[in-house]
There are 2 protein chains.
Amino acid sequence: MSLWQSISDQLRGEIARGKWPPGTRLPPEAELAARFGVNRHTVRHATRVLADEGLLYSRRGAGVFVAATPVDYPLSERVRFHRNIELSGKVPGRTIDAIMTRPAGDAEAEALGLEPGQPVHVAEGVSLVDFKPVALFRSIYPAALVPDLPAALRQHDSVTQALRACGVADYQRLVTRISARTADAVQAGKLQLEPGDPLLRTEGLSQWQGQMVERALTWWAAERVTLTLPHQLS
Amino acid sequence: MSLWQSISDQLRGEIARGKWPPGTRLPPEAELAARFGVNRHTVRHATRVLADEGLLYSRRGAGVFVAATPVDYPLSERVRFHRNIELSGKVPGRTIDAIMTRPAGDAEAEALGLEPGQPVHVAEGVSLVDFKPVALFRSIYPAALVPDLPAALRQHDSVTQALRACGVADYQRLVTRISARTADAVQAGKLQLEPGDPLLRTEGLSQWQGQMVERALTWWAAERVTLTLPHQLS
DNA sequence: GTGGATTTGTTCGTATGTATC
DNA sequence: AGATACATACGAACAAATCCA
């Protein structure tokens, strides 16, 4: 792990544990650099990443500050459902309705950079927060890249862990598309909503070492979740 | 303007004009640095910003590539409705239903970092793409910071221009929150939808020189727009 | 398949500019 | 006005991943 990553993780932990409450100013970059025994650029790299995530913001001449607003479901470049939910102090969960392997459709093939008809794993289920349903998901993976994923998904609680078991260590979200639809009867039933209630639909494409590894479709119960986008401050 | 900004703008323009089609590799960083007469770090800063916007992605050891997928409405750190729409080759527009100045409510005051009761300007209207309504907006600004904004909004076509006329040169989006609702009769009428149709609701907070300058509430006709989040690749 | 060249990623050092306090 | 602190930009070196002969 790179230096800036470990510094970034350490600061994130300190902020989470309340060592730096919202609104407080962090020590100056030079001081942090001395504390971690690195160059000031390395500290800047670490704080820039945290600013990307929305935890920090910087003001030229003034300092680097801890952001005030806690977020609900941050869509940052590394989207991890379990970790996101755990960080907000709730209990993540998941049920799986179906896991299958079948030829890719046209849209799926294009999204994943495959030829139509090549095999993909598909997992469908419900995401839970504090044991209540918040979202339906349908995730699609190239079978050639992660042949043993179906077994791994059954074995592990989180997608991140299952992918790691298949050798995909650190995938990153390339893009997220957001739209909204109303729930049909089936969706409403699974999410304990009424038909016609609004759903947030996200389509996320994730990459690992230059290859597309996941196309994740998620339908969120809009009344139970707010997606937040932390933006960077350059 | 900083060097990395002008390089970033120039590359963005060349990509938009098709000089570097999707999928092609850009010249190596060293070559770009020589071309622009700057250090390699400066080129990296510029390309990192474009990667944040989703236009580029980099693969260690391989190169920097132009992303394949065009995006619809990118919610990057500098959200500009007019520019976004123009870049996608369509005609942006706007009607204003009301501009008023009134004391801030509690939620507005907190979002903008004001005391409740301090005056804010409020602008409400409809955003158009190719002369068809796509979104309702309600934008709120601290009156003390931009006292002449109401006149400027009437005079200019875009919020960006109006704010610049009031001395706010380069505001940045701090955070965007996304949720979904169904349209009521009034919203449906203004957006030429049916009541009950899904709306995407975004709340954006923007900052300029450490001060909150805008709280923008937008209700998008979900069937007419897809919001996209380009993520960064570190 | 291997080795060398290429290319991006990380880290250091240094200097100057600019906004804030 | 001076000190502090972040922003920008330069240069150098090495690591790590990729690519190609």
Side-chain angles (χ1 to χ4, degrees), chain A residues 1-9 11 20 23-52 56-67 77-78 167-172 207-211 232-234, chain B residues 1-11 20 23-52 55-67 77-78 167-172 207-211 232-234:
Chain A
M1 183 183 289
S2 53
L3 282 175
W4 67 261
Q5 271 182 321
S6 62
I7 293 172
S8 168
D9 281 350
L11 290 175
W20 313 105
T24 55
R25 206 194 72 183
L26 289 189
E29 291 171 348
E31 197 170 315
L32 288 176
R35 169 186 158 192
F36 291 110
V38 299
N39 190 273
R40 194 181 138 232
H41 285 310
T42 310
V43 168
R44 278 177 63 78
H45 197 158
T47 53
R48 181 176 62 76
V49 169
L50 295 179
D52 287 353
L56 301 177
Y57 63 93
S58 59
R59 285 173 46 209
R60 179 192 284 211
V64 178
F65 299 83
V66 179
E77 80 278 13
R78 288 157 195 252
V168 175
D170 185 35
Y171 60 101
Q172 288 201 359
Q207 197 186 45
W208 174 70
Q209 298 192 348
Q211 295 180 76
Q232 81 180 88
L233 295 179
S234 61
Chain B
M1 185 185 289
S2 53
L3 281 175
W4 67 262
Q5 271 183 322
S6 60
I7 293 172
S8 169
D9 282 350
Q10 193 159 340
L11 289 175
W20 312 106
T24 56
R25 209 194 71 185
L26 288 188
E29 292 169 348
E31 196 171 316
L32 288 176
R35 170 187 158 190
F36 291 112
V38 299
N39 189 272
R40 187 176 147 229
H41 284 309
T42 310
V43 169
R44 280 177 62 79
H45 196 159
T47 53
R48 181 176 62 74
V49 169
L50 295 179
D52 288 353
L55 268 69
L56 301 177
Y57 64 93
S58 58
R59 284 173 47 212
R60 180 178 189 154
V64 178
F65 300 83
V66 179
E77 79 278 12
R78 289 157 194 251
V168 175
D170 186 34
Y171 59 102
Q172 287 200 0
Q207 196 186 48
W208 174 71
Q209 298 190 348
Q211 296 179 77
Q232 83 181 85
L233 295 180
S234 62

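Computation of the quantities below employed the complete heavy-atom set of this structure, encompassing side-chain atoms and omitting hydrogens, waters and symmetry-equivalent molecules. Keep in mind that what you see is a predicted model, and the values were worked out from it rather than measured. Throughout, a chain's letter reflects where its sequence line sits, starting with A, and its residues are numbered from 1.
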Check your understanding: Taking the side chain as C-beta and beyond, is there a heavy-atom pair between Val49(B) and Trp4(B) under 4.5 Å?
Key -> yes
Exercise for review: Decide yes or no for Glu29(A) and Leu32(A): does some side-chain heavy atom of the first lie under 4.5 Å from some side-chain heavy atom of the second?
Suggested key: no
Could I get a table of every N or O pair under 3.5 Å where one atom is in the protein and the other is in nucleotides 9-12 of chain D?
{"residue": "dA9(D)", "atom": "OP1", "partner": "Leu3(B)", "partner atom": "N", "Å": "2.3"}
{"residue": "dA9(D)", "atom": "OP2", "partner": "Trp4(B)", "partner atom": "N", "Å": "3.2"}
{"residue": "dA9(D)", "atom": "N6", "partner": "His41(A)", "partner atom": "NE2", "Å": "2.8"}
{"residue": "dC10(D)", "atom": "OP2", "partner": "Asn39(B)", "partner atom": "N", "Å": "2.8"}
{"residue": "dC10(D)", "atom": "OP2", "partner": "Thr42(B)", "partner atom": "OG1", "Å": "2.4"}
{"residue": "dG11(D)", "atom": "OP2", "partner": "Asn39(B)", "partner atom": "ND2", "Å": "3.4"}
{"residue": "dG11(D)", "atom": "N7", "partner": "Asn39(B)", "partner atom": "ND2", "Å": "3.4"}
{"residue": "dG11(D)", "atom": "O6", "partner": "His41(B)", "partner atom": "NE2", "Å": "2.7"}
{"residue": "dA12(D)", "atom": "N6", "partner": "His41(B)", "partner atom": "NE2", "Å": "3.0"}

Point to revise | Side chain Thr42(A), main chain Val38(A), donor-acceptor under 3.5 Å | key: no
Exercise for review: Output, in order, the C-alpha distance, side-chain angles, deciding distance and verdict of side-chain contact (heavy atoms from CB on, under 4.5 Å) for Glu31(A) and Arg40(A).
Suggested key: CA-CA 9 Å; Glu31(A) 197 170 315; Arg40(A) 194 181 138 232; over 6 Å; no
Exercise for review: Check the pair Leu26(A), Phe65(A) against side-chain contact (heavy atoms from CB on, under 4.5 Å), reporting the backbone distance first and the verdict last.
Suggested key: CA-CA 6 Å; Leu26(A) 289 189; Phe65(A) 299 83; over 6 Å; no
Check your understanding: Below 4.0 angstrom from OP1 or OP2 of dA7(D), is there any side-chain N or O of Arg44(A)?
Key -> yes
Check your understanding: Within less than 4.0 Å of OP1 or OP2 of dA7(D), is there a side-chain N or O belonging to Ser58(A)?
Key -> yes
Check your understanding: Where do Asp9(B) and Met1(B) land on the side-chain contact (heavy atoms from CB on, under 4.5 Å) test, with the steps shown first?
Key -> CA-CA 11 Å; Asp9(B) 282 350; Met1(B) 185 185 289; 4.0 Å; yes
Roughly, in whole Å, what's the span from [atom1] in [X] to [atom2] in [N]?
X	N	atom1	atom2	answer
Arg60(B)	dT10(C)	CZ	P	6 Å
Arg25(A)	dT20(C)	CZ	P	14 Å
Phe65(A)	dT4(D)	CZ	C1'	12 Å
Glu29(A)	dA7(D)	CD	C1'	9 Å

Review point. Does any donor atom in the side chain of Arg44(B) or His41(B) lie under 3.5 Å from an acceptor atom in the other side chain?
Key: no
Practice item. Apply side chain to side chain donor-acceptor pair (under 3.5 Å) to Ser8(A) and Gln5(A), showing your working. Key: CA-CA 5 Å; Ser8(A) 168; Gln5(A) 271 182 321; over 6 Å; no
Review point. Using rotation axes that map the C1' atoms of four end pairs onto the next four (five pairs an end), what angle separates the end axes of the helix from dT2(C)-dA21(D) to dC21(C)-dG2(D), to 10°?
Key: 10°
Check your understanding: Of Gly61(A) and Val43(A), whose closest DNA chain C nucleotide lies nearer the 5' terminus?
Key -> Val43(A)
**Study point:** Residue Ala62(A), side-chain atoms from C-beta onward, closest of dC6(D), dT20(C), dC19(D)
**Key:** dT20(C)
Review point. Could you walk me through whether Leu11(B) and Phe36(B) pass the side-chain contact (heavy atoms from CB on, under 4.5 Å) check?
Key: CA-CA 11 Å; Leu11(B) 289 175; Phe36(B) 291 112; 4.3 Å; yes
